[in-house]
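Working notes for the structure below.
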Amino acid sequence: MRLLNSKSYQLELFHHLPTGYAIVSHRWGSELDEVLFDDIGDEARTRSKAIGYDKIKGTCAQAIRDGLNYVWLDTCCIDKNNSTELSEAINSMYKWYRKSDVCYAYLHDVSDRTDFEKSEWFTRGWTLQELIAPKRLKFFTKDWQYLGSREDLRESILKVTGICPEVLQSPKNLQDITISQRMCWAAKRQTTKVEDRAYSLLGIFNVSMVPIYGIDDVAFEDLQYKLITKYSDQTLFSWYHTYTQPEDVEMEDAPNHTTALVSTVPSAEDSAEAVTKTSASVSNSAPAPPAPVPASAPAQPTIDSASDSVENDDTFLYNTTGLLTTSPSHYLKTYEISDQDFRKNYVDRIRDISYRSNFSMVNNFVRIPVPIKHMSGKIWKAVLRCSFEPPGGDEVQRPLVIYLKETDPWKYVRVHLAPSGEEAKEGDVQMDDVPGVRGSLERLSDAELQLTGYILREIDVLARYGEAPPEDQPRQLSHDPDTLPELTEAERIAKLPRHPPGVKTTNIIVCGEPGVAAGRTINLIIGSTIIKPLTDYERETMAVTVIDGTLQSRQIRFFYVVGPRDPCLDYDVYHTALRNMYQLAQEVKKAGGIHLVMLCMVGSKVTPAVQSNYRLFVEYVCQKQVRTMLVVTGLGRTRRMDDWWDKHKNDREMQSMRFIEHACITVLQGQGRGSGGGGGGEGDEEDEDDHDHEKKYEMSAKKLQDLLTAFMDGLITGDETATEVQTVRKPEAYCPEDAKRWFVDMGKRSMDLLLCGLKNSLKQEAVLKTLKEGVTGLSEAEANDLAGQFFDQQAMEV
């Protein structure tokens, strides 16, 4: 950190955060008028910039009066040509303001108190954290006349900013404020660079990012990725979008086009919602969207950065977006509904006990458990765990509803329906009383408070919607900067050195449901980016990819297998899984058996999907003969892996899940996932000031590598229930004598799990066809024999 000596006007470098300095909050002028880093030391050039020089003189004079020897100004104390220094400053700025002795807010456009509330200072993005963070904040006019402290001017500040009084009193109270409320404070604020709308909020949310300029709205989307890893606050998704008509529709044709599709939206049930559904006006915390357009009049084409397409689904006309938005200006002031209240008042009514509030990022999808209800075609309603009503008030918190379109089983995109044109009738709730936008963000209606017709599903909603940028504008993502060469996965694997035939290897099945970072776990262990994250979803159920790697001169062979997301498969998927099981049995037999299973999961809870994959791989594939290690990405709100491990001990014991070791990892290089819900490496302490994410990535790799090395050396042999010290013994492989017989056993054992109620409808002819057409190198006689064994043994067991 560089500080300006208030007496000599020279910069001094501090390697540790000093004490006894003042810091300045101000509105930047032109760079031609401000004294910059390169100007310090050149007295003539510094004095030639009169506006900036007067600002420095006034700051230093006030600091000397307050008995402080150093000051910090963002104009001259940062070398902006040094990207590392700039990044450190952006990520540390909130801390620097918080640790200062006093902050001087210099209002260049204020002469006296009558101008205070009109100052441009209240409209700038960066000044939000500069208002909240400092312990002491003093306001000064353009002539450095003292206006008063933050406490003196409290009522005016609350009126202009809408910030909660308790946060002005102490920034420690920020942790109790929802994401959407914090976004509302920034909704009307502007920054010179689009990306700074995100970077200026890092301190407000206590997250860090690698600042990248030139990516425009992507920076704000990346900020939301960070918030997903840290919080389980669904107000993150409570933003609105106003429907925009496609510009390629002829205006004279628009009334028919719009009316034909929109007039069918209200149903009998929707009519009952007229009183409680939200209108098209918003609270003072966000810009007011346009009022709903009557169905008889054409909507005027407008531009909205959150809109990516306009489509129709027979009954509905809608815009499609991702679950994440592009600007804080789209947020409304909403409140969390506690887990307990949401479960008691809503989820329990649909008789589902598997609800958990946490959500997580899985590639470009947000995996989130929500009650959903089918409307028409592919359009669904989803209920969020947040409300317009504050908790503890007289009014019951009523959940908010968003709309989704199903694109694939379990996968959705967010849609925003065109307004129906219904006008408020006498006796209805006035539009100004209920913030929101009809068709985008609404309150759950009276008719639906019992959640009749809703089901609870853990679904994947596309986070970021839109086409890839042009080739001449490569997109850099700060949340995942490790880029891959333009090779297919098969080509990257082919470039790895193969272990010679006959060489003994430690064979490991790395597995889990789609999206749990099993591939990235392999990347961490072998120290090379081989598996792309999206390939989890591209793989067939139970398909095996063989990858050879080396760890400290030890030869390892990984069997990368993606298990089922939903254990109840349909016939086609089951037959595909059956065919892949045969391939897995052959590959494992050829390698000499299996030494270890690494089961991967993401999130803060052992879900039914994790339990199903444990049964499939540990009990059915490996028949309880292979030791198992658990790899977790993301701990919810638990800070340490050991605490998480103890917390979920009963869950594991109830499901008879046994593990010899466990690890929590950070799988995204450059992205820390420490305290508060990420997947930081084991042993992370609360790291409010720790932004060294590369170190965490390296710690994750070292943790996994050390565990595997200890396992291969025979130092990890028992499970968590062992009571006696076990002797050092090299791990032995489980290798059935007959791979075909093994395939029959694992296929039969897993039938109840994978087919559920469809088991009794499975036909021998269908299995025979799968083996004959889907398995290479298998003769017709062998296929007949295997299918016969499969069903003969099944009949005997029944």
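Every heavy atom of this structure was used, including side-chain atoms; hydrogens, water molecules and symmetry mates were not. Small disclaimer: the values here were computed from a predicted structure and weren't measured.
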For Phe140 together with Tyr146, are the ring centres under 6.0 Å from each other? yes
Are Tyr94 and Phe205 an aromatic pair by the rule of ring centers under 6.0 Å? no
Can you list the steps and then say if Arg150 with Leu168 is a side-chain contact (heavy atoms from CB on, under 4.5 Å)? CA-CA 8 Å; Arg150 183 172 50 200; Leu168 280 186; 4.1 Å; yes
Heavy atoms, side chains only, cut-off 4.5 Å: are [X] and [Y] in contact?
X	Y	value
Gln397	Pro391	yes
Trp121	Val110	no
Glu120	His108	yes
Tyr225	Asp222	yes
Asp109	Ser119	yes
Phe37	Ile78	no
Ile177	Asn173	no
Leu202	Leu223	yes

For the pair [X] (side chain) and [Y] (backbone), establish whether a donor and an acceptor sit closer than 3.5 Å, ignoring hydrogens and angles.
X	Y	value
Ser92	Lys95	no
Glu34	Gly29	yes
Ser87	Thr84	no
Arg124	Arg27	no

I would like to know whether Leu73 and Thr59 meet side-chain contact (heavy atoms from CB on, under 4.5 Å); could you show each step before the answer? CA-CA 9 Å; Leu73 298 91; Thr59 300; 4.1 Å; yes
All ring pair (Phe, Tyr, Trp, His ring centres under 6.0 Å) counterparts of Phe237, not counting sequence neighbours: Phe359
Measure the spacing between [atom1] of [X] and [atom2] of [Y] and express it to the nearest 0.5 Å.
X	Y	atom1	atom2	answer
Cys664	Met601	SG	CE	9.5 Å
Phe388	Leu332	CZ	CG	5.0 Å
Trp239	Cys184	CH2	SG	14.0 Å
Ile90	Glu195	CD1	CD	10.0 Å
Leu147	Phe139	CG	CZ	8.5 Å
Ile132	Ile157	CD1	CD1	10.5 Å

With sequence neighbours excluded, what pairs up with [X] under the side chain to side chain contact (heavy atoms under 4.5 Å, CB included) test?
X	answer
Ser100	Tyr21, Ile23
Ala63	Ser6, Ala22, Leu68, Val71, Tyr104
Ser180	Thr178, Thr235, Ser238, Tyr331, Thr334

Determine whether Ser156 and Leu158 satisfy the following criterion, side-chain contact (heavy atoms from CB on, under 4.5 Å), listing intermediate values before the conclusion. CA-CA 5 Å; Ser156 293; Leu158 293 176; over 6 Å; no
Would you verify whether the NZ or CZ of Arg182 falls within 45 degrees of the ring axis of Tyr231 while also being under 6.0 Å from that six-membered ring's centre? yes
Taking all atoms of both residues into account, what is the closest heavy-atom pair of [X] and [Y], and its distance?
X	Y	answer
Lys230	Asn206	CE-O, 3.2 Å
Thr325	Gln224	O-NE2, 2.6 Å
Asp216	Val194	C-CG1, 3.7 Å
Lys142	Tyr106	O-OH, 3.0 Å
Phe342	Leu384	CE1-O, 3.8 Å
Leu400	Ser387	CG-CA, 4.0 Å

Salt bridge (charged side-chain N to carboxylate O under 4.0 Å, His left out) between Arg385 and Asp233: does it pass, once the steps are laid out? CA-CA 8 Å; Arg385 190 172 55 87; Asp233 180 0; over 6 Å; no
Qualifying side chain to side chain donor-acceptor pair (under 3.5 Å) pairs with a residue from residues 127-136, counting only residues at least two apart or across chains: Ser25-Glu130, Tyr97-Glu130, Thr127-Arg189
Show me the pairs that pass side chain to side chain donor-acceptor pair (under 3.5 Å) and involve residues 69-80, at least two apart or across chains. Glu12-Tyr70, His26-Asp74, Trp28-Asp74
Looking at Gln10, I'd like to know if its CD atom is crowded, meaning that more than 12 non-hydrogen atoms belonging to other residues, nucleotides or ligands lie closer than 6.0 Å. yes
Residue Gln169 excluded, over 12 heavy atoms near CD under 6.0 Å: no
In terms of side-chain heavy atoms, does [X] have a donor or acceptor partner in [Y] at a distance below 3.5 Å?
X	Y	value
Ser440	His241	no
Asp341	Ser338	yes
Ser327	Arg197	yes

Taking 4.0 angstrom as the limit, do Glu117 and Lys159 come out as a salt bridge? yes
Evaluate side-chain contact (heavy atoms from CB on, under 4.5 Å) for Ile459 paired with Arg367, printing each intermediate quantity in order. CA-CA 6 Å; Ile459 61 175; Arg367 180 166 295 173; over 6 Å; no
I would like to know whether Phe220 and Tyr199 meet ring-ring contact (aromatic ring centres under 6.0 Å, His included); could you show each step before the answer? CA-CA 8 Å; Phe220 190 75; Tyr199 304 147; over 10 Å; no
